[in-house]
There are 2 protein chains.
Amino acid sequence: MNIGDVARRSGLPAKTIRYYEDIGLIRPKRSENGYRSFRESDLHKLAFLGRARALGFTIEDCRTLVALYEDEARESAQVKHIAEEHLRQIDDKIAQLQSMRATLDKLVHACAGDHRPDCPILEDLAQETSDPATCE
Amino acid sequence: MNIGDVARRSGLPAKTIRYYEDIGLIRPKRSENGYRSFRESDLHKLAFLGRARALGFTIEDCRTLVALYEDEARESAQVKHIAEEHLRQIDDKIAQLQSMRATLDKLVHACAGDHRPDCPILEDLAQETSDPATCE
DNA sequence: TATGGAGCTTCCAGTAACTGGAGGGTCAAG
DNA sequence: CTTGACCCTCCAGTTACTGGAAGCTCCATA
């Protein structure tokens with residue numbers, strides 16, 4: 001298979017597949033003409049990577065997950081540990097976004113959004129509260 | 001004020017403040033000795049930026065928000081528009097993360113996390129489903 | 001057989017928003 | 001006069017790609 005074929009079948013852009021080779025995630029063979037030549041196993045690994053990335057795992061996590069996948073002697077605890085840590089990070093991120101969301105939503109609702117300059121959003125951003133020097 | 005003072009009072013790292021000058025968000029004066037010399041108005045603007053960034057606005061949004069803040073002839077609708085668009089992006093991001101979270105949580109709970117190699121997480125990642133060619 | 005277009009190659013640069021570090025000047029206290 | 005805390009600039013690295021230039025290769029059609 002050429003790169004276009006695996007791109008289509010894995011759902012990953014050809015650019016991304018070349019990048020994954022660059023960083024050593026995959027090692028496709030080469031044809032006489034210099035084209036990358038992918039086996040089914042390469043495709044399988046790319047699909048694996050695509051799914052792992054879709055779950056938000058970092059590239060380094062993906063590297064580890066692939067290694068574990070190929071390691072007969074792995075312990076599922078190793079995989080679970082990575083996933084749990086990632087889950088924690090996702091939860092943190094969600095909490096952070098929801099906190100932003102709450103403030104932002106409040107401000108947006110408080111803003112008339114008309115032709116006048118008065119704006120609670122700007123007023124909030126401009127308020128003098130985060131200066132420790134003023135708290136003495 | 002030197003950069004260390006505004007860093008302390010704004011809560012932003014000195015590095016970030018220099019960066020903000022680099023990209024034209026602020027224009028502190030310079031002392032004889034070449035040190036940046038910040039006025040209260042610079043500090044105020046930095047605090048504004050810090051709060052806007054904490055709400056997740058991009059630097060470019062921040063640039064626009066500062067400009068609007070300083071524009072007497074602004075219309076609150078302009079500000080509200082930026083905030084609403086940002087809110088939408090946050091909602092999208094939250095939805096995406098929650099979807100990841102749901103899958104991941106399910107997988108984590110399904111995984112024994114012991115010394116055996118069998119792992120539902122890896123099995124899920126490895127499953128053959130995203131290849132359109134197999135769907136014919 | 002020529003040619004045109006799709007597909008492949010490499011390499012370089014850019015993205016967002018910083019962050020770290022090297023190498024070196026300045027200032028105030030002891 | 002030295003020491004340590006500041007400050008300066010400039011360069012490189014981070015994440016995970018993405019876009020684009022310049023230039024092969026392959027295949028089908030005129």
Side-chain angles (χ1 to χ4, degrees), chain A residues 1-38 42-43 45-46 48-66 85-86 89-90 92-93 96-97 100, chain B residues 1-38 42-43 45-46 48-66 82 85-86 89-90 93 96-97 100:
Chain A
M1 277 179 287
N2 283 347
I3 200 166
D5 303 316
V6 277
R8 226 166 295 114
R9 292 180 61 191
S10 69
L12 296 171
K15 273 270 182 192
T16 299
I17 296 172
R18 289 194 197 98
Y19 172 67
Y20 285 174
E21 183 188 17
D22 254 24
I23 62 172
L25 279 179
I26 51 166
R27 294 190 187 287
K29 298 211 182 307
R30 294 291 176 138
S31 306
E32 293 280 300
N33 59 13
Y35 286 17
R36 288 173 184 78
S37 175
F38 296 84
D42 293 317
L43 174 59
K45 199 188 270 191
L46 284 169
F48 182 104
L49 289 168
R51 277 185 292 267
R53 290 287 301 128
L55 284 181
F57 286 106
T58 64
I59 288 285
E60 283 319 301
D61 278 349
C62 289
R63 198 188 296 278
T64 309
L65 289 171
V66 165
E85 182 55 35
H86 180 42
Q89 305 237 347
I90 287 180
D92 288 355
K93 190 73 190 171
Q96 188 197 351
L97 287 171
M100 285 180 187
Chain B
M1 277 178 287
N2 284 346
I3 199 167
D5 304 315
V6 276
R8 226 166 295 116
R9 293 181 61 191
S10 70
L12 296 171
K15 273 273 183 191
T16 298
I17 296 172
R18 288 193 198 99
Y19 172 68
Y20 286 175
E21 183 187 17
D22 254 24
I23 62 174
L25 279 179
I26 49 166
R27 292 188 188 291
K29 298 210 181 308
R30 293 292 176 137
S31 306
E32 293 281 299
N33 59 14
Y35 286 16
R36 288 172 185 77
S37 175
F38 296 83
D42 293 317
L43 173 59
K45 199 189 271 190
L46 285 169
F48 182 104
L49 290 167
R51 276 185 292 267
R53 291 287 301 127
L55 284 180
F57 286 106
T58 65
I59 288 286
E60 284 318 302
D61 278 349
C62 289
R63 198 189 295 279
T64 309
L65 289 171
V66 165
I82 292 171
E85 182 56 35
H86 179 43
Q89 305 239 347
I90 287 180
K93 190 73 191 171
Q96 188 199 349
L97 287 172
M100 285 179 187

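Letters A, B, ... are given to chains in the order of the sequence lines, protein chains preceding strands, and every chain is numbered from 1. None of these values were measured; they are calculated from a predicted model.
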Asker: Name the one of A:D42, A:I17, A:L49, A:T16 that satisfies side chain to side chain contact (heavy atoms under 4.5 Å, CB included) with A:S10?
Answerer: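 Result: among A:D42, A:I17, A:L49, A:T16, A:I17 is the only option passing the side chain to side chain contact (heavy atoms under 4.5 Å, CB included) with A:S10.
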Asker: If we ignore hydrogens and angles and just use 3.5 Å, is the side chain of A:H86 paired with the main-chain N or O of A:D61 as donor and acceptor?
Answerer: no
Asker: Looking at every strand, decide which applies to A:F57 at a 4.0 Å heavy-atom threshold: base, sugar-phosphate, or nothing.
Answerer: nothing
Asker: C:dA17, OP1 or OP2 - any side-chain N/O from B:T16 closer than 4.0 Å?
Answerer: no
Asker: What is the distance from CD of A:E32 to P of C:dT9, rounded to the nearest Å?
Answerer: 15 Å
Asker: Whether A:R63 and A:E60 form a salt bridge (side-chain N of Lys/Arg under 4.0 Å from carboxylate O of Asp/Glu) is what I want to check.
Answerer: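 So A:E60 pairs with A:R63 through a salt bridge.
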Asker: Using whole Å, what does the distance between atom P of nucleotide D:dC8 and atom NZ of B:K29 come to?
Answerer: 16 Å
Asker: Is it true that a side-chain atom of B:N33 and a backbone atom of B:Y35 form a donor plus acceptor pair closer than 3.5 Å?
Answerer: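 Side chain of B:N33 to backbone of B:Y35, a donor-acceptor pair under 3.5 Å: yes, one is there.
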Asker: Take the protein atom CG of A:L12 and the nucleotide atom C1' of D:dA16, then report the distance between them rounded to whole Å.
Answerer: 12 Å
Asker: Is it the case that more than 12 heavy atoms not belonging to A:R27 sit under 6.0 Å from its CZ atom?
Answerer: no
Asker: Would you kindly give the CD1-to-P distance between A:I59 and D:dT14, to the nearest whole Å?
Answerer: 14 Å
Asker: Please tell me if B:R63 has a side-chain N or O lying less than 4.0 Å from either OP1 or OP2 of C:dA17.
Answerer: no
Asker: Specify the separation, in whole Å, of atom CG of A:L49 and atom C1' of D:dT15.
Answerer: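 So the two atoms are 16 Å apart, to the nearest Å.
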Asker: Between A:I3 and B:T58, which has a closest nucleotide on DNA chain C that is more 5'?
Answerer: A:I3
Asker: Look at B:R36 and D:dC8 and indicate whether a side-chain polar atom (N or O) is within less than 4.0 Å of OP1 or OP2.
Answerer: yes
Asker: Please report, rounded to the nearest Å, how far the P atom of D:dC6 is from the CE atom of B:M1.
Answerer: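 Rounded to whole Å, this separation is 17 Å.
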Asker: Want to settle it: does B:D5 or A:E60 sit nearer the 5' end of DNA chain D, counting the closest nucleotide to each?
Answerer: B:D5
Asker: Do the charged groups of B:R8 and B:D5 touch, with an N to O distance under 4.0 Å?
Answerer: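 A salt bridge links B:R8 with B:D5.
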Asker: Quickly work out the B:R30 CZ to D:dT9 C1' distance and round it to whole Å.
Answerer: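 These atoms are roughly 9 Å apart.
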Asker: What's A:R18 touching, base or sugar-phosphate or nothing? Going by heavy atoms closer than 4.0 Å.
Answerer: base
Asker: Would you say A:Y20 places a side-chain N or O within less than 4.0 Å of OP1 or OP2 belonging to D:dA16?
Answerer: no
Asker: Find the distance A:D22:CG to D:dC17:C1' and express it as a whole number of Å.
Answerer: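 After rounding, the reported distance stands at 11 Å.
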Asker: Atom pairs, N/O to N/O, protein against nucleotides 22-26 of chain C, distance under 3.5 Å?
Answerer:
residue	atom	partner	partner atom	Å
C:dG25	N2	B:Y35	OH	3.0
C:dT26	O4'	B:Y35	OH	3.3

Asker: So do the side chains of B:L25 and B:Y19 get within less than 4.5 Å of each other, counting heavy atoms only?
Answerer: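 Side chain of B:L25 against side chain of B:Y19, heavy atoms only: no contact under 4.5 Å found.
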